[in-house]
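Notes to accompany the following structure.
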Protein chains: 2
Amino acid sequence: MKKEKVLNLLKRKNVKPSVQRMEILNYIVENKNHPSVDEIYSHLNKKIATLSKTTIYNTLKILCKKNILTEILIEEDEVRFDYMEKPHIHFKCKSCNKIYDVFKKCPLINCKKIEGHKIEEYHIYLIGTCKNCYKDD
Amino acid sequence: MKKEKVLNLLKRKNVKPSVQRMEILNYIVENKNHPSVDEIYSHLNKKIATLSKTTIYNTLKILCKKNILTEILIEEDEVRFDYMEKPHIHFKCKSCNKIYDVFKKCPLINCKKIEGHKIEEYHIYLIGTCKNCYKDD
DNA sequence: TTTTAATTTGTAATTATTACAAAATTGAAA
DNA sequence: TTTCAATTTTGTAATAATTACAAATTAAAA
Ligand SMILES: [Mn+2]
Ligand SMILES: [Mn+2]
Ligand SMILES: [Zn+2]
Ligand SMILES: [Zn+2]
């Protein structure tokens with residue numbers, strides 16, 4: 001039972017740990033896939049039949065504002081969400097559409113300022129062909 | 001008259017240089033702002049009263065496919081477009097919403113492969129408070 | 001000119017996201 | 001326990017960016 005983890009995450013940031021919030025956060029944290037709202041909904045709908053998409057949107061907005069989650073803007077048509085326990089960058093395969101975590105660190109990440117601008121967030125997206133799709137050439 | 005520049009850009013990539021395509025590309029190349037479809041439309045509508053938004057969408061899709069333009073996915077609700085003559089990264093100010101070009105280069109950009117994946121595109125987005133908004137604190 | 005292909009245009013359809021108010025739940029006070 | 005206000009969830013409707021599509025226009029070829 002890993003429920004403790006998300007429970008503490010929520011408590012620590014003063015977000016009331018409702019059943020829905022726990023399940024949504026738990027799904028993202030445990031699966032480490034980078035789900036869209038629809039994917040979260042399809043999956044959790046099986047456990048919580050009454051779950052509403054609006055609740056998912058509301059919850060994700062709160063968790064992002066509290067810096068528990070981060071938005072991934074790598075797709076043109078939908079936002080994906082991620083739990084960034086340790087900061088990392090994302091690689092999206094054009095062929096299979098999978099989004100991979102990449103933990104090689106970019107020196108940029110240590111910059112607090114750049115050309116006079118104060119940096120508060122980083123989004124580094126790499127796009128190409130993943131190693132699994134590539135070898136099939 | 002800088003029309004030569006966009007004319008050549010289009011010819012070189014075998015895109016037929018229609019009036020609309022020339023104007024759309026010229027607007028992006030000359031202004032170096034990072035316009036959304038709506039901004040392109042509002043601006044060019046004054047010159048070409050009959051211009052259709054669908055034409056803008058069509059043209060942008062072609063120019064991106066030909067690697068003349070690139071999409072900037074820094075906003076949640078709309079795509080922006082850029083002419084990347086020399087590769088650079090983007091900084092978006094949370095306060096004034098301006099998107100700045102940053103030409104400091106990240107070593108990542110020289111990587112052709114990362115953790116076995118073949119990299120074809122880079123999107124580096126920094127978010128924070130720009131130098132103009134910051135000093136008002 | 002006539003014919004054919006490419007491009008542009010306007011409208012309708014699609015779809016992710018947001019707005020909003022009613023219903024349900026929670027949690028403390030009485 | 002009951003009461004009651006605050007919070008959360010839910011369902012539906014509205015919004016808005018993008019795409020689909022077919023007719024109209026324009027350009028190129030014959
Ligand atoms: Mn990730
Ligand atoms: Mn730029
Ligand atoms: Zn792949
Ligand atoms: Zn600013």
Side-chain angles (χ1 to χ4, degrees), chain A residues 6-7 9-11 13-28 34-66 68-82 97 99, chain B residues 6-7 10-11 13-27 34-66 68-82 97 99:
Chain A
V6 293
L7 191 76
L9 267 171
L10 292 173
K11 278 184 178 172
K13 298 273 190 162
N14 294 313
V15 180
K16 195 178 290 185
S18 69
V19 173
Q20 290 86 345
R21 287 170 179 174
M22 300 257 293
E23 287 291 351
I24 291 166
L25 180 54
N26 182 66
Y27 177 67
I28 297 171
H34 303 94
S36 64
V37 168
D38 263 333
E39 284 165 358
I40 297 168
Y41 179 76
S42 310
H43 189 266
L44 293 185
N45 198 30
K46 294 169 197 156
K47 292 181 85 174
I48 311 174
T50 59
L51 182 66
S52 158
K53 257 184 199 174
T54 303
T55 299
I56 300 178
Y57 277 105
N58 289 341
T59 300
L60 293 171
K61 184 161 285 178
I62 292 168
L63 300 184
C64 284
K65 183 166 287 177
K66 296 278 186 174
I68 299 173
L69 296 181
T70 187
E71 290 183 329
I72 301 184
L73 302 178
I74 207 168
E75 317 263 14
E76 278 122 75
D77 57 342
E78 61 182 1
V79 180
R80 295 179 168 276
F81 294 86
D82 201 8
N97 286 316
I99 296 173
Chain B
V6 293
L7 190 78
L10 292 173
K11 278 183 178 171
K13 298 274 189 160
N14 294 314
V15 180
K16 195 177 291 185
S18 69
V19 173
Q20 291 86 344
R21 288 169 179 174
M22 299 258 292
E23 288 290 350
I24 291 165
L25 180 54
N26 183 66
Y27 177 67
H34 304 94
S36 63
V37 168
D38 262 333
E39 283 166 357
I40 297 169
Y41 179 77
S42 310
H43 188 265
L44 293 184
N45 198 30
K46 295 170 198 159
K47 292 180 84 172
I48 311 173
T50 59
L51 182 66
S52 157
K53 257 184 199 173
T54 303
T55 300
I56 300 178
Y57 277 105
N58 289 342
T59 299
L60 293 171
K61 184 161 283 176
I62 292 169
L63 299 184
C64 284
K65 184 166 284 175
K66 294 281 185 172
I68 300 173
L69 296 181
T70 187
E71 290 183 330
I72 302 184
L73 302 178
I74 207 169
E75 316 263 15
E76 278 123 74
D77 58 343
E78 61 183 0
V79 179
R80 296 180 167 276
F81 294 86
D82 201 7
N97 286 317
I99 297 172

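What you see is a predicted model; the values in this text were computed from it and never measured. Proteins come first, then strands; the chains are lettered A, B, ... in the order of their sequence lines, and each starts at number 1.
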Side chain to side chain contact (heavy atoms under 4.5 Å, CB included) between A/K16 and A/K11, worked out: CA-CA 7 Å; A/K16 195 178 290 185; A/K11 278 184 178 172; over 6 Å; no
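Shown here for B/K66 and B/N14, the closest heavy-atom pair between the two residues is NZ-O, 4.3 Å. Annotation for A/E71 and A/F81: closest pair CG-CE2, 3.7 Å, computed over non-hydrogen atoms.
Across the protein-nucleic acid pair, B/E23 atom CD and C/dT7 atom C1' stand 16 Å apart, rounded to whole Å. Between the C1' atom of C/dT17 and the CD atom of B/E75 lies a distance of 15 Å, rounded to the nearest Å. In this structure, B/L44 atom CG and C/dT8 atom P are separated by 13 Å, rounded to whole Å. The CG-C1' distance, from A/N45 to D/dT9, rounds to 14 Å in whole Å. The nearest whole Å value for the distance from the CG atom in B/L73 to the C1' atom in C/dA16 is 15 Å. The distance from atom OH of A/Y41 to atom C1' of D/dT10 is 10 Å, rounded to the nearest whole Å. Put simply, CG on B/L60 is 14 Å from C1' on C/dT8, counting in whole angstrom units. Between the CD1 atom of A/I56 and the P atom of D/dT8 there is a distance of 17 Å, rounded to whole Å.
Taken from CG in B/L69 to CD1 in B/I62, the straight-line distance is 11.0 Å, to the nearest 0.5 Å. With rounding to the nearest 0.5 Å, the separation of CG in A/L73 from CD1 in B/I72 is 12.5 Å. Annotation: the span from B/D82 atom CG to B/I99 atom CD1 amounts to 8.5 Å, rounded to 0.5 Å. Here the CG-OG1 distance, from B/L60 to B/T70, works out to 11.5 Å after rounding to the nearest 0.5 Å.
Contact annotation: A/T55 side-chain N/O to D/dT10 OP1/OP2 distance is under 4.0 Å. A/Q20 has a side-chain polar atom (N or O) that falls below the 4.0 Å cut-off from OP1 or OP2 of D/dT10.
Under a 4.0 Å N-O distance rule, the pair A/E23/A/R21 does not qualify as a salt bridge.
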Nucleotide-resolved protein contact map, nucleotides 11-24 of chain D, B/S/- at heavy-atom distance under 4.0 Å: BB----SBBBB---
Contact pattern, 5' to 3', of nucleotides 25-30 of chain D - B, S or - by protein heavy atom under 4.0 Å: ---S--
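For B/Y57, the ring pair (Phe, Tyr, Trp, His ring centres under 6.0 Å) test picks out no residue, with sequence neighbours left out.
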